[in-house]
2 protein chains.
Amino acid sequence: MTIVSYMANQLDSFFGAMSDPTRRAVIERLAAGPASVSELHKPHKMALPTFMRHLKVLEDTGIVRSIKKGRVRTCHIEAAPLIEAQGWLAWQREIWESRLDRLEALAHRISEQGDNHDT
Amino acid sequence: MTIVSYMANQLDSFFGAMSDPTRRAVIERLAAGPASVSELHKPHKMALPTFMRHLKVLEDTGIVRSIKKGRVRTCHIEAAPLIEAQGWLAWQREIWESRLDRLEALAHRISEQGDNHDT
DNA sequence: AATATGGTTAGCTGAATTGCTAACTAATGT
DNA sequence: ACATTAGTTAGCAATTCAGCTAACCATATT
(Lines give C-alpha, C1' and ligand atoms only; values in the text may rest on other atoms or scores of the structure.)
Protein backbone atom coordinates (compact mmCIF):
# COMPACT_ATOMS: atom_id res chain seq x y z
CA MET A 1 0.00 0.00 0.00
CA THR A 2 1.53 3.27 -1.09
CA ILE A 3 1.32 6.41 0.96
CA VAL A 4 -0.81 7.77 -1.84
CA SER A 5 -3.60 5.27 -1.35
CA TYR A 6 -3.36 5.82 2.39
CA MET A 7 -3.90 9.56 2.14
CA ALA A 8 -5.96 9.41 -1.03
CA ASN A 9 -9.36 10.34 0.35
CA GLN A 10 -8.06 13.24 2.37
CA LEU A 11 -5.82 14.63 -0.34
CA ASP A 12 -8.32 14.16 -3.17
CA SER A 13 -10.92 16.26 -1.47
CA PHE A 14 -8.43 18.75 -0.11
CA PHE A 15 -6.80 19.51 -3.45
CA GLY A 16 -10.17 19.42 -5.14
CA ALA A 17 -11.43 22.01 -2.69
CA MET A 18 -8.41 24.23 -3.26
CA SER A 19 -8.68 24.11 -7.05
CA ASP A 20 -11.46 26.69 -7.14
CA PRO A 21 -10.67 30.41 -6.84
CA THR A 22 -13.92 31.22 -5.03
CA ARG A 23 -13.09 28.66 -2.37
CA ARG A 24 -9.52 29.87 -2.01
CA ALA A 25 -10.86 33.40 -1.63
CA VAL A 26 -13.14 32.23 1.17
CA ILE A 27 -10.18 30.67 2.91
CA GLU A 28 -8.18 33.85 2.58
CA ARG A 29 -11.06 35.83 3.99
CA LEU A 30 -11.50 33.44 6.90
CA ALA A 31 -7.84 33.73 7.75
CA ALA A 32 -8.71 37.25 8.88
CA GLY A 33 -11.26 35.83 11.34
CA PRO A 34 -14.67 34.12 11.45
CA ALA A 35 -17.54 35.41 9.32
CA SER A 36 -21.19 34.72 8.60
CA VAL A 37 -22.39 33.14 5.36
CA SER A 38 -23.76 36.37 3.90
CA GLU A 39 -20.65 38.27 4.93
CA LEU A 40 -18.55 35.73 3.07
CA HIS A 41 -20.92 35.81 0.13
CA LYS A 42 -21.00 39.59 -0.32
CA PRO A 43 -17.85 40.06 -2.46
CA HIS A 44 -18.80 37.25 -4.85
CA LYS A 45 -21.09 37.81 -7.79
CA MET A 46 -22.71 34.40 -7.86
CA ALA A 47 -26.14 33.52 -6.47
CA LEU A 48 -26.28 32.60 -2.80
CA PRO A 49 -27.19 28.91 -3.27
CA THR A 50 -24.27 28.52 -5.64
CA PHE A 51 -21.97 30.10 -3.11
CA MET A 52 -23.38 27.89 -0.36
CA ARG A 53 -22.34 24.84 -2.33
CA HIS A 54 -18.74 26.06 -2.34
CA LEU A 55 -19.01 26.50 1.39
CA LYS A 56 -20.34 22.98 1.71
CA VAL A 57 -17.35 21.61 -0.20
CA LEU A 58 -15.03 23.34 2.25
CA GLU A 59 -16.98 21.98 5.20
CA ASP A 60 -17.11 18.43 3.82
CA THR A 61 -13.35 18.53 3.42
CA GLY A 62 -13.00 19.67 7.01
CA ILE A 63 -11.24 22.89 6.07
CA VAL A 64 -14.08 25.04 7.38
CA ARG A 65 -16.32 24.55 10.37
CA SER A 66 -19.50 26.46 11.14
CA ILE A 67 -21.89 27.06 13.98
CA LYS A 68 -25.44 28.28 13.62
CA LYS A 69 -26.78 30.66 16.23
CA GLY A 70 -30.26 31.99 15.61
CA ARG A 71 -30.52 32.49 11.87
CA VAL A 72 -26.82 33.30 11.45
CA ARG A 73 -24.26 30.67 10.55
CA THR A 74 -20.73 31.65 11.48
CA CYS A 75 -17.79 29.99 9.72
CA HIS A 76 -14.20 29.58 10.78
CA ILE A 77 -11.11 27.71 9.63
CA GLU A 78 -9.86 24.34 10.74
CA ALA A 79 -6.12 24.05 10.22
CA ALA A 80 -5.55 20.28 10.32
CA PRO A 81 -6.33 19.35 6.68
CA LEU A 82 -4.12 22.12 5.40
CA ILE A 83 -1.24 21.06 7.56
CA GLU A 84 -1.53 17.52 6.25
CA ALA A 85 -1.60 18.59 2.60
CA GLN A 86 1.25 20.99 3.08
CA GLY A 87 3.18 18.17 4.68
CA TRP A 88 2.64 16.00 1.63
CA LEU A 89 3.81 18.75 -0.70
CA ALA A 90 6.83 19.52 1.44
CA TRP A 91 7.73 15.86 1.53
CA GLN A 92 7.44 15.51 -2.25
CA ARG A 93 9.40 18.65 -2.79
CA GLU A 94 12.16 17.43 -0.54
CA ILE A 95 12.55 14.25 -2.56
CA TRP A 96 12.45 16.14 -5.82
CA GLU A 97 14.95 18.74 -4.82
CA SER A 98 17.38 16.15 -3.59
CA ARG A 99 17.22 14.67 -7.07
CA LEU A 100 16.82 17.73 -9.22
CA ASP A 101 20.46 17.99 -10.24
CA ARG A 102 20.46 14.35 -11.27
CA LEU A 103 17.14 14.77 -13.07
CA GLU A 104 18.29 17.78 -14.98
CA ALA A 105 21.54 16.17 -15.91
CA LEU A 106 19.66 13.18 -17.20
CA ALA A 107 17.15 15.27 -19.07
CA HIS A 108 19.96 17.13 -20.75
CA ARG A 109 21.66 13.93 -21.73
CA ILE A 110 18.44 12.67 -23.26
CA SER A 111 17.70 15.87 -25.11
CA GLU A 112 21.20 15.98 -26.51
CA GLN A 113 21.00 12.47 -27.85
CA GLY A 114 18.33 13.44 -30.33
CA ASP A 115 16.75 16.66 -31.49
CA ASN A 116 13.29 15.22 -31.43
CA HIS A 117 11.80 17.09 -28.51
CA ASP A 118 8.30 18.32 -28.86
CA THR A 119 7.06 20.63 -26.05
CA MET B 1 -6.67 42.95 -7.21
CA THR B 2 -6.29 40.25 -4.59
CA ILE B 3 -3.37 37.91 -4.43
CA VAL B 4 -5.87 35.19 -5.25
CA SER B 5 -6.73 36.58 -8.65
CA TYR B 6 -3.05 37.17 -9.32
CA MET B 7 -2.14 33.55 -8.77
CA ALA B 8 -5.48 32.16 -9.83
CA ASN B 9 -4.52 30.55 -13.13
CA GLN B 10 -1.44 28.83 -11.76
CA LEU B 11 -3.06 27.62 -8.56
CA ASP B 12 -6.33 26.53 -10.16
CA SER B 13 -4.60 24.20 -12.53
CA PHE B 14 -2.04 23.07 -10.01
CA PHE B 15 -4.54 22.07 -7.34
CA GLY B 16 -6.82 20.64 -9.99
CA ALA B 17 -3.98 18.46 -11.21
CA MET B 18 -3.15 17.30 -7.70
CA SER B 19 -6.72 16.36 -6.88
CA ASP B 20 -6.51 13.07 -8.76
CA PRO B 21 -4.86 10.03 -7.16
CA THR B 22 -3.55 8.68 -10.46
CA ARG B 23 -1.78 11.95 -11.12
CA ARG B 24 -0.35 12.14 -7.62
CA ALA B 25 0.92 8.58 -8.04
CA VAL B 26 2.65 9.61 -11.27
CA ILE B 27 4.31 12.46 -9.44
CA GLU B 28 5.48 10.18 -6.67
CA ARG B 29 6.88 7.77 -9.22
CA LEU B 30 8.65 10.54 -11.10
CA ALA B 31 10.25 11.74 -7.89
CA ALA B 32 12.30 8.57 -8.08
CA GLY B 33 13.59 9.61 -11.49
CA PRO B 34 12.46 10.05 -15.12
CA ALA B 35 10.39 7.37 -16.81
CA SER B 36 8.79 6.56 -20.15
CA VAL B 37 5.05 6.75 -20.74
CA SER B 38 4.53 3.00 -20.73
CA GLU B 39 6.69 2.57 -17.65
CA LEU B 40 4.52 5.12 -15.87
CA HIS B 41 1.38 3.48 -17.18
CA LYS B 42 2.22 -0.09 -16.15
CA PRO B 43 1.00 0.00 -12.49
CA HIS B 44 -2.32 1.61 -13.43
CA LYS B 45 -5.28 -0.40 -14.54
CA MET B 46 -6.78 2.13 -16.91
CA ALA B 47 -6.46 2.11 -20.70
CA LEU B 48 -3.40 3.84 -22.12
CA PRO B 49 -5.24 6.72 -23.82
CA THR B 50 -6.99 7.47 -20.55
CA PHE B 51 -3.68 7.47 -18.74
CA MET B 52 -2.16 9.70 -21.40
CA ARG B 53 -4.79 12.29 -20.68
CA HIS B 54 -3.71 12.41 -17.04
CA LEU B 55 -0.18 12.89 -18.23
CA LYS B 56 -1.32 15.72 -20.47
CA VAL B 57 -2.98 17.45 -17.52
CA LEU B 58 0.31 17.32 -15.64
CA GLU B 59 2.20 18.65 -18.63
CA ASP B 60 -0.28 21.46 -19.27
CA THR B 61 0.11 22.54 -15.66
CA GLY B 62 3.87 22.55 -16.08
CA ILE B 63 4.43 19.99 -13.33
CA VAL B 64 5.79 17.42 -15.77
CA ARG B 65 7.97 17.86 -18.84
CA SER B 66 8.69 15.29 -21.49
CA ILE B 67 11.07 14.65 -24.33
CA LYS B 68 10.48 12.26 -27.19
CA LYS B 69 13.40 10.32 -28.55
CA GLY B 70 12.59 7.76 -31.21
CA ARG B 71 9.26 6.26 -30.27
CA VAL B 72 9.86 6.69 -26.52
CA ARG B 73 8.65 9.71 -24.58
CA THR B 74 10.53 10.25 -21.35
CA CYS B 75 8.90 12.28 -18.58
CA HIS B 76 10.42 14.14 -15.67
CA ILE B 77 9.33 16.56 -12.98
CA GLU B 78 9.47 20.34 -13.02
CA ALA B 79 9.66 21.69 -9.49
CA ALA B 80 8.60 25.32 -9.96
CA PRO B 81 4.78 24.96 -9.84
CA LEU B 82 4.99 22.82 -6.73
CA ILE B 83 7.19 25.30 -4.97
CA GLU B 84 4.74 28.09 -5.74
CA ALA B 85 1.73 26.15 -4.46
CA GLN B 86 3.55 25.04 -1.37
CA GLY B 87 4.45 28.65 -0.77
CA TRP B 88 0.81 29.67 -0.92
CA LEU B 89 -0.18 26.96 1.53
CA ALA B 90 2.65 27.82 3.89
CA TRP B 91 1.69 31.46 3.77
CA GLN B 92 -1.96 30.70 4.52
CA ARG B 93 -1.03 28.36 7.29
CA GLU B 94 1.16 30.96 8.88
CA ILE B 95 -1.68 33.45 9.01
CA TRP B 96 -4.09 30.86 10.32
CA GLU B 97 -1.84 29.59 13.02
CA SER B 98 -1.10 33.05 14.27
CA ARG B 99 -4.84 33.45 14.74
CA LEU B 100 -5.89 30.00 15.79
CA ASP B 101 -6.07 30.73 19.50
CA ARG B 102 -8.24 33.75 18.84
CA LEU B 103 -10.40 31.77 16.42
CA GLU B 104 -10.94 28.95 18.83
CA ALA B 105 -11.70 31.26 21.68
CA LEU B 106 -14.28 32.98 19.54
CA ALA B 107 -15.77 29.73 18.31
CA HIS B 108 -16.16 28.60 21.89
CA ARG B 109 -17.80 31.81 22.90
CA ILE B 110 -20.26 31.48 20.04
CA SER B 111 -21.05 27.84 20.72
CA GLU B 112 -21.68 28.59 24.37
CA GLN B 113 -24.13 31.34 23.61
CA GLY B 114 -26.55 28.92 22.02
CA ASP B 115 -26.90 25.16 21.76
CA ASN B 116 -27.89 25.30 18.16
CA HIS B 117 -24.76 23.96 16.49
CA ASP B 118 -25.37 21.63 13.58
CA THR B 119 -21.71 20.97 12.89
C1' DA C 1 -49.34 39.89 13.27
C1' DA C 2 -46.83 41.21 9.33
C1' DT C 3 -42.49 41.97 7.11
C1' DA C 4 -37.74 41.50 6.35
C1' DT C 5 -33.55 38.92 6.80
C1' DG C 6 -30.44 34.85 6.74
C1' DG C 7 -30.07 30.66 5.16
C1' DT C 8 -31.72 26.32 2.92
C1' DT C 9 -33.80 22.88 -0.44
C1' DA C 10 -35.07 21.27 -4.94
C1' DG C 11 -34.46 21.02 -9.53
C1' DC C 12 -32.81 22.60 -13.98
C1' DT C 13 -28.94 23.64 -17.30
C1' DG C 14 -24.29 23.46 -19.89
C1' DA C 15 -19.50 22.48 -19.58
C1' DA C 16 -15.74 19.79 -17.98
C1' DT C 17 -13.81 15.34 -16.38
C1' DT C 18 -12.86 10.44 -16.52
C1' DG C 19 -13.40 6.38 -18.31
C1' DC C 20 -13.71 3.37 -22.65
C1' DT C 21 -12.74 1.28 -27.71
C1' DA C 22 -11.18 1.40 -32.38
C1' DA C 23 -8.11 2.76 -35.58
C1' DC C 24 -3.91 4.81 -36.75
C1' DT C 25 1.36 6.51 -37.23
C1' DA C 26 6.05 5.94 -36.45
C1' DA C 27 10.03 3.55 -34.89
C1' DT C 28 12.34 -0.76 -33.82
C1' DG C 29 13.40 -5.65 -34.04
C1' DT C 30 13.65 -10.10 -36.83
C1' DA D 1 9.37 -6.88 -45.81
C1' DC D 2 6.83 -7.88 -41.73
C1' DA D 3 5.57 -7.94 -37.00
C1' DT D 4 5.93 -5.75 -32.69
C1' DT D 5 6.17 -1.94 -29.70
C1' DA D 6 5.30 2.93 -28.19
C1' DG D 7 2.54 6.35 -28.43
C1' DT D 8 -1.30 9.05 -30.49
C1' DT D 9 -5.96 10.60 -32.37
C1' DA D 10 -10.90 10.48 -32.60
C1' DG D 11 -15.08 9.83 -30.77
C1' DC D 12 -18.59 7.94 -27.42
C1' DA D 13 -20.98 7.46 -22.64
C1' DA D 14 -21.48 8.32 -17.67
C1' DT D 15 -20.53 11.36 -14.07
C1' DT D 16 -19.49 15.45 -11.63
C1' DC D 17 -19.29 20.47 -11.27
C1' DA D 18 -20.60 25.26 -11.29
C1' DG D 19 -23.87 28.15 -12.29
C1' DC D 20 -28.95 29.56 -12.25
C1' DT D 21 -34.17 30.33 -10.42
C1' DA D 22 -38.07 29.48 -7.56
C1' DA D 23 -39.94 28.33 -3.46
C1' DC D 24 -39.35 27.73 1.31
C1' DC D 25 -38.34 27.65 6.73
C1' DA D 26 -36.91 30.02 10.75
C1' DT D 27 -35.63 33.95 13.23
C1' DA D 28 -35.43 38.77 13.99
C1' DT D 29 -37.69 43.42 13.63
C1' DT D 30 -41.41 46.70 13.61
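In what follows, every heavy atom counts, from backbone to side chain, and hydrogens, waters and symmetry copies are set aside. In what follows, chains are A, B, ... by sequence order, proteins preceding strands, each numbered from 1.
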Practice problem: Starting from the 5' end of DNA chain D, give me the residue, P49(A) or G16(A), whose nearest nucleotide shows up first. | Solution: G16(A)
Quiz item: Which class fits the ring pair F51(B) and H41(B): parallel under 30°, tilted 30 to 60°, perpendicular over 60°?
Solution: tilted
Self-check item: Minimum-distance nucleotide (side-chain atoms of V72(A) versus dT21(C), dG7(D), dG6(C))
Solution: dG6(C)
Self-check item: Atom-to-atom span, CD1 of I67(A) to P of dG7(C) - whole angstrom
Solution: 14 Å
Quiz item: Looking at dG6(C), dA6(D), dC20(C), which one has an atom nearest to any side-chain atom of S38(A)?
Solution: dG6(C)
Practice problem: Over all heavy atoms of both residues, which pair between A35(A) and L30(A) is shortest? Give the atoms and the distance, please. | Solution: N-CD2, 3.9 Å
Quiz item: Could you state the NE2-P distance from H44(A) to dG19(D), rounded to the nearest angstrom?
Solution: 11 Å
Quiz item: Tell me: NZ of K68(A) to C1' of dT5(C), nearest whole Å?
Solution: 12 Å
Practice problem: Write down the distance between CE (M52(A)) and C1' (dG19(D)), rounded to a whole number of angstrom. | Solution: 15 Å
Quiz item: Nearest to the side chain of V37(B), which nucleotide is it out of dT18(C), dG7(D), dG7(C)?
Solution: dG7(D)
Quiz item: For the pair made of NZ in K56(A) and C1' in dA18(D), what is the distance, rounded to whole Å?
Solution: 15 Å
Quiz item: Looking at dA18(D), dT27(D), dT28(C), which one has an atom nearest to any side-chain atom of R71(A)?
Solution: dT27(D)
Exercise. Check every strand shown and say whether S36(A) touches a base, only sugar-phosphate, or nothing at a heavy-atom separation below 4.0 Å.
Key: sugar-phosphate
Quiz item: In terms of side-chain heavy atoms of D20(A), which of dA18(D), dT8(D), dT8(C) is nearest?
Solution: dA18(D)
Exercise. Using a 4.0 Å heavy-atom cut-off across all strands, classify T50(B) as base, sugar-phosphate, or nothing.
Key: base
Quiz item: Which atom pair, heavy atoms only, marks the closest approach of C75(A) to V37(A)?
Solution: SG-CG2, 4.4 Å
Quiz item: For the pair made of CG in L55(B) and P in dT9(D), what is the distance, rounded to whole Å?
Solution: 13 Å
Quiz item: Among dA22(D), dG19(C), dG11(C), which is the nearest nucleotide to the side chain of R53(A)?
Solution: dG11(C)
Exercise. Ignoring the backbone of L48(A), work out which of dT8(C), dT29(D), dA18(D) is nearest its side chain.
Key: dT8(C)
Quiz prompt | Nearest non-hydrogen partners of P34(A) and T74(A), listed with the distance | solution = CB-CG2, 3.9 Å
Exercise. Ignoring backbone atoms, test whether H54(A) places a side-chain nitrogen or oxygen under 4.0 Å from the OP1 or OP2 oxygen of dC17(D).
Key: no
Exercise. Find the distance F51(A):CZ to dT8(C):P and express it as a whole number of Å.
Key: 12 Å
Exercise. Starting from C1' on dA28(D), measure out to NZ on K69(A) and report it in whole angstrom.
Key: 12 Å
Exercise. Taking all non-hydrogen atoms of both residues into account, name the closest pair between H44(B) and A25(B) and its distance.
Key: CE1-CB, 3.8 Å
